[in-house]
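Written out below as structure tokens is the structure these notes cover.
Heavy-atom basis, side chains included; hydrogens, waters and symmetry copies ignored. Per chain, numbering begins at 1; letters A, B, ... match sequence-line order.
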There are 2 protein chains.
Amino acid sequence: MDSAADGSGYQAWSEVTPDAARRLLVAAVEAFAERGYHATTTRDIAGRAGMSPAALYIHYKTKEELLHRISRIGHDKALEILETAAAGPGTAAERLDAAVRSFVGWHAAHHTTARVVQYELDALAPEHRGEIVALRRESDAAVRRIIAEGVGAGEFDVPDVPGTTLAVLSLCIDVARWFSTAGHRTPDEVGALYADLVLRMVGARPAAVPVVQK
Amino acid sequence: MDSAADGSGYQAWSEVTPDAARRLLVAAVEAFAERGYHATTTRDIAGRAGMSPAALYIHYKTKEELLHRISRIGHDKALEILETAAAGPGTAAERLDAAVRSFVGWHAAHHTTARVVQYELDALAPEHRGEIVALRRESDAAVRRIIAEGVGAGEFDVPDVPGTTLAVLSLCIDVARWFSTAGHRTPDEVGALYADLVLRMVGARPAAVPVVQK
DNA sequence: GTGGCACCTAAGCGCTTGCTCACCCTCCGG
DNA sequence: CCGGAGGGTGAGCAAGCGCTTAGGTGCCAC
């Protein structure tokens with residue numbers, strides 16, 4: 001299992017600076033994604049990074065700090081993806097399509113990272129969790145904004161905007177749980193499938209996606 | 001935190017005897033749901049059940065056996081819900097509506113149990129995981145059957161049946177992650193919302209009004 | 001009354017955990 | 001050639017883990 005095994009051919013983590021600290025962080029992502037935070041030992045992380053257990057504590061105060069850094073970077077990236085799409089050009093349908101497509105694509109391509117980011121929230125210390133939860137609320141707001149604008153413009157038919165927003169995000173996030181590189185779908189294919197499904201959920205009138213049926 | 005605190009006013013677990021074994025199992029569900037399997041100690045489980053740590057081992061060989069029993073019972077219930085709906089009367093749309101409504105309702109009402117059942121699969125021993133995965137495939141098959149029949153009958157418009165099936169199940173399952181009794185939605189409301197969203201995803205034509213199209 | 005049984009506990013064993021500490025490299029400016 | 005700093009290690013500590021074992025207690029048939 002090498003560093004570029006799954007979706008990690010991804011040049012993020014470039015912001016993590018001493019090289020050794022980055023190797024430890026990447027090792028931690030792999031380990032947390034495979035076994036979960038609590039089932040991962042600091043010895044395992046250090047071992048994957050080719051270091052002794054003690055080396056970890058030169059760069060991180062605790063195991064939880066590693067998780068927090070991963071979670072923070074991942075949530076920043078996820079939020080950036082959604083806000084970029086939300087602020088983009090085009091109709092609400094086009095922006096929602098772009099948002100879902102890129103958000104889902106990221107969750108599939110970097111499903112190891114995404115799994116840690118999305119499913120290990122409870123393992124964060126309370127003060128760190130608060131910070132992360134705030135980012136998640138911003139993600140929710142970005143999606144809700146697109147949907148609300150689509151409703152306002154008469155493009156969408158959505159009886160329950162907050163509920164639909166919740167469902168859309170939930171659907172996208174859960175990709176990180178089931179997606180596997182062993183499966184036969186590429187991240188782009190999943191993104192396209194999900195974008196279509198979400199547009200149906202909001203009752204989008206066919207805008208630029210002319211599916212001429214039968 | 002009492003026994004009937006959340007969705008556990010649910011007379012399931014009635015199949016678990018003797019009484020002490022059931023108390024331990026209910027305690028384990030609560031603990032696993034709150035902190036996750038790996039972060040839960042056998043002392044915590046025994047303590048919640050009002051027993052000494054050793055008492056656990058009279059009724060269960062290992063901590064993993066507890067998880068397996070919970071997972072097995074929960075998956076049996078989930079599968080039963082889906083198959084009942086799939087085999088029911090009515091159009092495909094009516095059956096899909098019923099399936100999603102009851103499946104989501106169960107996940108919301110018993111979100112503690114559902115969280116353990118749906119998100120602690122990796123913690124199962126390999127032979128137990130195999131058994132559970134087989135049950136999950138049956139659940140997938142039940143939903144796919146309804147969707148495929150709807151497509152066959154011209155009721156639904158679904159370009160990618162396996163993909164849509166996956167997305168529908170994923171959407172429903174993820175309810176267990178975010179649902180909280182502190183939220184302002186009842187399980188029935190979430191079920192209704194989700195049933196509507198899923199019918200949109202499959203492009204269901206209004207069932208009662210058999211539109212003869214183009 | 002007594003033996004057998006089902007159930008439960010106090011104590012603790014062997015091991016692993018997150019984390020620390022004393023020490024050791026290698027590099028580099030003066 | 002030296003001295004200090006940043007990055008690393010081997011050994012190990014205190015605590016907590018899953019699980020075991022020896023023994024106690026109430027109950028019931030006989």
Side-chain angles (χ1 to χ4, degrees), chain A residues 3 13-71 116 120-129, chain B residues 3 13 15-71 116 120 122-129:
Chain A
S3 48
W13 308 136
S14 52
E15 58 206 279
V16 182
T17 40
D19 182 76
R22 179 171 46 250
R23 270 158 47 218
L24 283 164
L25 196 124
V26 169
V29 168
E30 286 175 15
F32 292 163
E34 250 174 54
R35 308 139 110 90
Y37 175 80
H38 288 293
T40 298
T41 69
T42 54
R43 285 170 234 274
D44 183 19
I45 297 168
R48 285 176 193 245
M51 299 182 201
S52 79
L56 198 152
Y57 293 92
I58 296 167
H59 301 282
Y60 302 95
K61 276 209 297 284
T62 62
K63 176 178 150 185
E64 194 268 346
E65 189 191 329
L66 260 171
L67 176 63
H68 175 228
R69 284 270 237 279
I70 294 166
S71 196
V116 178
E120 299 288 358
L121 271 184
D122 294 342
L124 287 169
E127 67 275 21
H128 291 158
R129 183 158 58 241
Chain B
S3 49
W13 309 136
E15 59 207 278
V16 181
T17 52
D19 184 73
R22 179 171 48 249
R23 269 159 46 218
L24 283 164
L25 197 124
V26 169
V29 168
E30 285 175 15
F32 291 162
E34 251 174 54
R35 307 141 110 91
Y37 174 80
H38 288 293
T40 298
T41 70
T42 54
R43 285 164 175 80
D44 183 20
I45 297 168
R48 285 176 193 245
M51 300 180 200
S52 79
L56 197 153
Y57 293 91
I58 296 166
H59 302 282
Y60 302 94
K61 276 210 297 286
T62 62
K63 177 179 149 186
E64 194 269 346
E65 189 191 327
L66 260 171
L67 177 62
H68 172 57
R69 284 268 237 280
I70 293 167
S71 196
V116 178
E120 298 289 357
D122 293 342
L124 287 169
E127 68 275 22
H128 291 158
R129 183 158 59 240

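The two residues B/A33 and B/V116 have their closest heavy-atom pair at N-CG2, 3.6 Å. The two residues B/A27 and B/I45 have their closest heavy-atom pair at CB-O, 3.6 Å. Of all the heavy atoms in A/G36 and A/E120, the pair that sits closest is CA-OE2, 3.2 Å.
At distances below 3.5 Å, at least one donor-acceptor pair connects side-chain atoms of A/E64 with backbone N or O atoms of A/A125. B/R129 contributes a side-chain N or O that, together with a main-chain N or O of B/L124, makes up a donor-acceptor pair within less than 3.5 Å. A side-chain donor-acceptor contact under 3.5 Å links A/K63 to the backbone of A/T40.
The separation between B/Y57 atom OH and C/dA6 atom C1' is 20 Å, rounded to whole Å. Atom-to-atom, CD1 of B/I58 to C1' of C/dC8 comes out at 5 Å; the value is rounded to the nearest Å. Atom-to-atom, CD1 of A/I45 to P of C/dG18 comes out at 8 Å; the value is rounded to the nearest Å. Between B/R43 atom CZ and C/dT17 atom C1' the separation is 14 Å, expressed in whole Å.
Comparing C/dC19, C/dA10, C/dT17 by their nearest atom to the side chain of A/P53 picks out C/dC19.
Bounding nucleotides for the chain B contact on DNA chain D, 5' to 3', at a heavy-atom distance below 4.0 Å, are D/dC17 to D/dT21.
In this structure, B/S52 reaches the bases: a heavy-atom distance under 4.0 Å links it to at least one base atom across the strands shown.
Annotation: proximity of residues 61-69 of chain B to DNA chain D (heavy atom, distance under 4.0 Å) is found for B/T62, B/K63, numbered in ascending order.
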query = Run the side chain to side chain contact (heavy atoms under 4.5 Å, CB included) check on B/Y60 and B/L25 step by step: do they pass?
reply = CA-CA 10 Å; B/Y60 302 94; B/L25 197 124; 3.5 Å; yes
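Residues passing the ring-ring contact (aromatic ring centres under 6.0 Å, His included) test with B/H59: none are found, sequence neighbours excluded.
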